[in-house]
Amino acid sequence: MEGEGVQPLDENLENGSRPRFKWKKTLRLVVSGIKGAGMLLCFIYVCLQLSSSPAKDPPIQRLRGAVTRCEDGQLFISSYKNEYQTMEVQNNSVVIKCDGLYIIYLKGSFFQEVKIDLHFREDHNPISIPMLNDGRRIVFTVVASLAFKDKVYLTVNAPDTLCEHLQINDGELIVVQLTPGYCAPEGSYHSTVNQVPL
């Protein structure tokens, strides 16, 4: 009675169990080979990426400038000279060389009542900047979509005072690019834009 209907272990292995183990072993070898080939391809890809020179993104465009006086109906902008300035001021205008969203911040105090307009694109109406303290103080921030060849400048109108006689205290203009976009190659702006005062 002992062992009736039960085959010995040796017979069990010979009757079909072994090929199943061979199939699993072969499958493991194939999977290991595919993993190894995938790792080799990833390694080659990483090496190729590291060896090729990556495209250098242009630096974020930014300018911080002092607004010190009025000339020919425009507020005079003089930029501070340091390594962080990546934009230029030409003819009292901040020159835009890269497309993208920009934050424009303006602050200052005046001894006279003034009205200031922010211009940034020729075919758009200027933004009339709201004034505080009876038109004598300004703290203004706006986000604008600017493009290559745009110019940011400020015009001023003082009802009782000539532009050249305006007194400005703590005037500051900050323009910072928020989102990178197309940038013109270095030197291309000077050759393509007419340098006539606005």
Side-chain angles (χ1 to χ4, degrees), residues 53-110 112 114-132 135-158 161-198:
S53 61
K56 187 177 179 186
D57 290 332
I60 294 295
Q61 300 294 298
R62 60 183 158 263
L63 176 120
R64 181 176 176 219
V67 179
T68 56
R69 63 182 184 272
C70 184
E71 284 183 358
D72 301 322
Q74 288 186 3
L75 291 178
F76 181 81
I77 304 166
S78 61
S79 63
Y80 302 115
K81 300 294 180 195
N82 66 40
E83 68 272 12
Y84 302 111
Q85 304 282 50
T86 56
M87 301 174 79
E88 305 178 353
V89 175
Q90 294 176 358
N91 300 325
N92 290 330
S93 300
V94 179
V95 177
I96 304 299
K97 295 180 184 176
C98 297
D99 297 349
L101 289 177
Y102 286 78
I103 188 164
I104 302 169
Y105 171 77
L106 176 65
K107 74 166 189 147
S109 299
F110 298 85
Q112 305 85 1
V114 296
K115 294 180 183 173
I116 298 175
D117 290 329
L118 170 68
H119 301 260
F120 57 86
R121 190 166 294 150
E122 285 186 32
D123 58 344
H124 281 69
N125 290 331
I127 296 173
S128 181
I129 297 176
M131 303 296 289
L132 306 170
R136 295 174 185 250
R137 184 156 158 49
I138 183 171
V139 177
F140 180 74
T141 305
V142 68
V143 174
S145 176
L146 302 178
F148 172 60
K149 293 188 178 183
D150 284 344
K151 293 180 178 183
V152 176
Y153 63 95
L154 303 160
T155 56
V156 64
N157 181 11
T161 309
L162 292 173
C163 172
E164 287 72 21
H165 296 149
L166 279 178
Q167 296 177 336
I168 303 169
N169 191 21
D170 296 329
E172 184 174 50
L173 174 70
I174 298 173
V175 180
V176 178
Q177 183 184 24
L178 299 175
T179 59
Y182 166 77
C183 286
E186 277 301 312
S188 64
Y189 192 87
H190 299 289
S191 61
T192 59
V193 175
N194 188 2
Q195 296 295 319
V196 185
L198 298 174

Considering all heavy atoms of both residues, which atom of [X] and which atom of [Y] are nearest to each other, and what is their separation?
{"X": "Met87", "Y": "Leu63", "answer": "O-CD1, 3.6 Å"}
{"X": "Cys163", "Y": "Gly73", "answer": "SG-N, 3.4 Å"}
{"X": "Tyr153", "Y": "Ser93", "answer": "CB-OG, 3.5 Å"}
{"X": "Leu166", "Y": "Ala158", "answer": "CD2-CB, 3.7 Å"}

Once rounded to the nearest 0.5 Å, what's the spacing between atom [atom1] of [X] and atom [atom2] of [Y]?
{"X": "Leu75", "Y": "Ile116", "atom1": "CG", "atom2": "CD1", "answer": "5.0 Å"}
{"X": "Asn169", "Y": "Arg136", "atom1": "CG", "atom2": "CZ", "answer": "13.0 Å"}
{"X": "Gln61", "Y": "Glu88", "atom1": "CD", "atom2": "CD", "answer": "9.5 Å"}
{"X": "Phe120", "Y": "Ile96", "atom1": "CZ", "atom2": "CD1", "answer": "10.0 Å"}
{"X": "Arg121", "Y": "Ser145", "atom1": "CZ", "atom2": "OG", "answer": "6.0 Å"}
{"X": "Met131", "Y": "Ser109", "atom1": "CE", "atom2": "OG", "answer": "8.5 Å"}

[X] vs [Y] side-chain heavy atoms within contact, under 4.5 Å:
{"X": "Ile168", "Y": "Val114", "result": "no"}
{"X": "His119", "Y": "Gln74", "result": "no"}
{"X": "Lys97", "Y": "Cys183", "result": "no"}
{"X": "Leu118", "Y": "Val152", "result": "yes"}
{"X": "Phe110", "Y": "Ile138", "result": "yes"}
{"X": "Tyr105", "Y": "Val139", "result": "yes"}
{"X": "Arg64", "Y": "Glu172", "result": "yes"}
{"X": "Asp72", "Y": "Glu164", "result": "yes"}

- Test side-chain contact (heavy atoms from CB on, under 4.5 Å), reference Tyr102, set Val142, Leu178, Leu146, output is Leu146
- Query: So which of Val156, Asn92, Leu106, Asp170 actually passes side-chain contact (heavy atoms from CB on, under 4.5 Å) with Val67?
  - Reply: Leu106
- Item | Expected output: side-chain Thr86 to main-chain Arg62 donor-acceptor under 3.5 Å | yes
- Message: Below 30° counts as parallel, above 60° as perpendicular, anything between as tilted: where do the rings of Tyr182 and Phe148 land?
- Response: perpendicular
